[in-house]
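Reading through the structure tokens given below for one structure.
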Amino acid sequence: MKTFRVDLKKVVDDSYDIEIGYELAEKLVEDIKNGLVGRIRRFAVITDTNVEKLYAEGIADRLQAAGFLTDLFVFEAGETQKTRKTKEQLEDAMLAKGCRRDCCVIAVGGGVVTDLAGFLAGTFGRGVPFINYATTLLAAADASVGGKTAVDTPLATNLIGLFNQPEKVYIDIDAWKTLPKRQMISGMAETIKHACLADFTLFSYLEQNMDAIYAGDREACTYIAEANCRIKYQVVMKDERESGLREILNLGHTVGRAVETVSGYRLLHGEAVAIGLAAEVQLSKLLGYMTEAEVLQVNRLLEKAGLPVTLPSYIDREELVRKLYTDKKVRDGRLRFVLQRGIGSVVEFEPGCYAVPVAEETARQIIATL
Ligand code: GLY
């Protein structure tokens, strides 16, 4: 018998810029002209029916006008469309148009679009580059940065995907003015999550400036866009693959993701995360990491943002407990939770370990309070 060793040590530079500003479409095209994705001349702009007319068509037109071969691929808006089926349909449409390994994907939209298009780019022709042009607060705060790409399955959200980093992220704050209020509120949940886990100053800022943000005040919106970005990329730079620290970005998501699925996507992602944060602060208090006053302060901010902190009556609580086991943090069959310490910090249970096993009965007890 003979054994051969295929030596494949890798040194990878996946660094990229995140540009935050207003009306960045022209800048995107300029960057491409200046070599953002090398010599690529062919672009697949992927978007959903909400964003098609608002931003994606304009970006595709500008690229065409600049001499790049560009096609627009549009799928029905909504979390229920973030599936393997939609990915397959988009892939077939791209192949039919002649896209091959020499193309670049541009995801224009919110978290559903950037998650799906980033995953597609990672497998199309065994991988083509992609750029995120984020048009929602949720995508700005979370989805577009960090390279987690995925689709949902009937069992739970984000179970099939890749770590795949974009070439660049554009966060167009101007686009937030086109968001339905409910979508803007949903995006605020990830911002509150960031404040809870890393930044008490951001938390206080949100307490004082929520109305200004919702009114589209430029200074306030820019402040939260930059704060979100800073918190997110500082974590991702230290632990891209979620072997430890990155789990802190899961704050509120253990219960949140389960609520989202059990609601049949009647609740938006951020609404479900807000309920998850309400559960998590109760658990933090039960385990001695938060005071009653801090729990109330978090709940008050969530409510001030217009987010729910209790479960809708149609949610079956036992089904919710069972659904907790689809969480990716489950280890050896045990539920694990990230917990905050006070407001603006998380608990490090052991060096480099930020999630703690929690008995099912304790989780059930917490869910009963919601
Ligand atoms: N959305 C959590 C993360 O990016 O890790």
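In listed order, ligands and their atoms are each counted from 1. Numbering starts at 1 and runs along the sequence shown. Worth saying up front: this structure is predicted, and the values here are computed from it rather than measured.
When the options D48, N158, T157 are evaluated for a side-chain hydrogen bond (donor to acceptor under 3.5 Å, both in side chains) with K82, the one that passes is N158.
For the salt bridge (Lys or Arg N to Asp or Glu O under 4.0 Å) test, residues two or more places apart in sequence or in another chain that qualify with D7 are K9. For the salt bridge (Lys or Arg N to Asp or Glu O under 4.0 Å) test, residues two or more places apart in sequence or in another chain that qualify with E271 are R182.
Ring geometry for F43 versus F68: interplanar angle over 60°, hence perpendicular rather than tilted (30 to 60°).
M94 and A44 make their closest contact through CE-CB, 3.8 Å (heavy atoms, listed as atom of the first residue, atom of the second, distance).
For residues 50-63, the set of pairs meeting the salt bridge (Lys or Arg N to Asp or Glu O under 4.0 Å) definition, not counting sequence neighbours, comprises E26-R62, K53-E57.
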With the criterion set at N/O pairs under 3.5 Å, what does the list of contacts between the protein and ligand 1 look like, atom names and distances included?
from	atom 1	to	atom 2	distance (Å)
ligand 1	1 (N)	D142	OD1	3.0
ligand 1	1 (N)	D142	OD2	3.0
ligand 1	4 (O)	K232	NZ	2.8
ligand 1	4 (O)	R246	NH2	2.7
ligand 1	5 (O)	K148	NZ	2.9
ligand 1	5 (O)	R246	NE	2.7
ligand 1	5 (O)	R246	NH2	3.4

